[in-house]
Protein chains: 2
Amino acid sequence: MSQASDRVYAALRAGILDGRYGFGDRLGEIEVAADLGTSRTPVREALRRLGSEGLVEVLPNRGARVRTWTAQDLEETYELRAVLEGLGARRAAGQVTAEVVDELAALAAEMVTVDPSLGHRPPGDFADLAALNARFHAVIVGAAGSDRLAATLAGLVQLPLVMRTYHRYTPAALARSHAHHHEIVDALRAGDGAWAESVMRSHVLAARAVLLASHRDDASGSAATDPEGQAS
Amino acid sequence: MSQASDRVYAALRAGILDGRYGFGDRLGEIEVAADLGTSRTPVREALRRLGSEGLVEVLPNRGARVRTWTAQDLEETYELRAVLEGLGARRAAGQVTAEVVDELAALAAEMVTVDPSLGHRPPGDFADLAALNARFHAVIVGAAGSDRLAATLAGLVQLPLVMRTYHRYTPAALARSHAHHHEIVDALRAGDGAWAESVMRSHVLAARAVLLASHRDDASGSAATDPEGQAS
DNA sequence: GCGACCTAGATTGCATGCAATCCAGACCGC
DNA sequence: GCGGTCTGGATTGCATGCAATCTAGGTCGC
């Protein structure tokens, strides 16, 4: 992490994910380098890396832009996540330890307690829920014990909208998500790979449906692009 | 392609795939740059790109080496290919045109005609078969119409041993492979996504079994490392 | 004789200069 | 007035110099 290249990469990634950089924004090498107090070389490396992960698109001799997501992109990405995370759940079911299952159960339970739609949090405060959810999925992928799978999923990009996603969840959809989590835990504890895979696929495809509906309602794709906005 | 960076990338990739660079070989920036008549900058870019695709491993401050494949790597990679190419076949079944199906049928038929185990070629001449097979799979992925899926599969790396793989196929395994190809064509022509997906998964998993058996027999992992060897 | 430390060489990582490419605007011809 | 061309500015892509880091060998101490 002390490497400048990694710092630039992390900064750009965070900036894109939390909306500091809006869709289509130009990422000039000189500009970014000046902002982060480094030279163009590490910036170039970070941009190529982000490009291979799909977060930015790099055009030859024309620089990099923050990737714009179409409905089809969302659909394809979540279809891939459905089969890949399903595979991860199936693999995990065959080898996961009781300790890890307990951790997952705890995460699933905690997610309910921080769900704003259930009155445990101020309405709209989905930050903790999103973080717990990300960890839940990461633990399962880790329990699958496949570096290749983990790397492939990591390359599939956390959507820039992750946090905003939950805003479009109806209370019913959130309840279904919680139910899926608990069911996945049960399937893993039972060591039932086919069950775990099936529920995980349903879980991701349900998320896809919410996301697509949400995206469809976004007539004005206005990203919050406060140029000087600072987030932790 | 006129870009130096792309030329270096292509040269290194080809060199690794055809065995000119052996497993574990060190890829020093200066050395590669001198070999290809360029400077270190494009070499660095190419190495990072190959690293993100899994063909080489880059250690911080310690340079890049050609990735060594373990049995588990093979297993994980083919497990991923099985689900991803299965997904591709399912998607393709829903939208493929008759022309593309005809092309696939022609490829499947031609593969039989160039199969050395059937006496149509000198024994051991699997080059054409491998090329046709690669094209067959590429056409299906293309027909799936998902850029994300295509990119993910491309990142999953053509194994360095692709060509040598066929050498370990028994005539029965080759016959099964041909049968799978024809069955996939039939499933696509019928527009039956579930069928196409299932056969494709079987096809890839069968290849995995052959590869793992082959890898197990490789007591001496001697890669043909003729340092000055030139292939096409 | 064996092990730890220390130094020298080599290599990666970063910064910066120069050439090639691309985009914008104005100018000219029709 | 409109379209094509040409030039200027800016940006990317490549080459190279310098500093930081790592590996290897030798030396010193025990």
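Throughout, a chain's letter reflects where its sequence line sits, starting with A, and its residues are numbered from 1. None of these values were measured; they are calculated from a predicted model.
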Atom-pair distance (CG on B:Leu59; P on D:dT23), nearest Å: 9 Å
Nucleotide D:dT16, atom P - distance to CD1 of B:Ile30 in whole Å: 13 Å
Minimum-distance nucleotide to B:Gln3 side chain [options: D:dC14, C:dT12, C:dG13]: D:dC14
Sidechain N-carboxylate O distance under 4.0 Å for B:Arg91, B:Glu197: no
Any N/O donor-acceptor pair, A:Arg62 side-chain to D:dG13 base, under 3.5 Å: no
Nearest-0.5 Å distance, CG of residue A:Leu188 to OG1 of residue A:Thr97: 10.5 Å
Distance in angstrom units between A:Arg40 CZ and D:dA15 P, rounded: 14 Å
Stepwise side-chain contact (heavy atoms from CB on, under 4.5 Å) check, A:Val56 with A:Arg67: CA-CA 5 Å; A:Val56 308; A:Arg67 187 161 201 273; 5.6 Å; no
Nearest-Å distance for atom pair CZ/C1', residues B:Arg65 and C:dT12: 14 Å
Minimum-distance nucleotide to A:Asn61 side chain [options: C:dT12, C:dC22, C:dA15]: C:dC22
Residue B:Ser39, side-chain heavy atoms: nucleotide from D:dT16, D:dT12, C:dA15 that is nearest: D:dT16
For atom CZ of A:Arg48 and atom C1' of C:dG13, their distance in whole Å: 17 Å
Atom-to-atom span, CG of A:Leu27 to P of D:dT11 - whole angstrom: 13 Å
Distance-only side-chain donor-acceptor flag, B:Tyr9 / B:Gln3, under 3.5 Å: no
Plane angle bin for B:His180 and B:His203 - parallel if under 30°, tilted between 30 and 60°, otherwise perpendicular: perpendicular
Nucleotide of D:dG13, C:dT16, D:dT16 approaching B:Thr41 most closely (side-chain heavy atoms): D:dT16
Value in whole Å for how far the C1' atom of C:dA10 lies from CD of B:Glu29: 12 Å
5' priority, DNA chain D, between A:Arg26 and B:Thr38 [closest heavy atom]: A:Arg26
Between P of D:dA15 and CZ of B:Arg44, the distance in whole Å: 14 Å
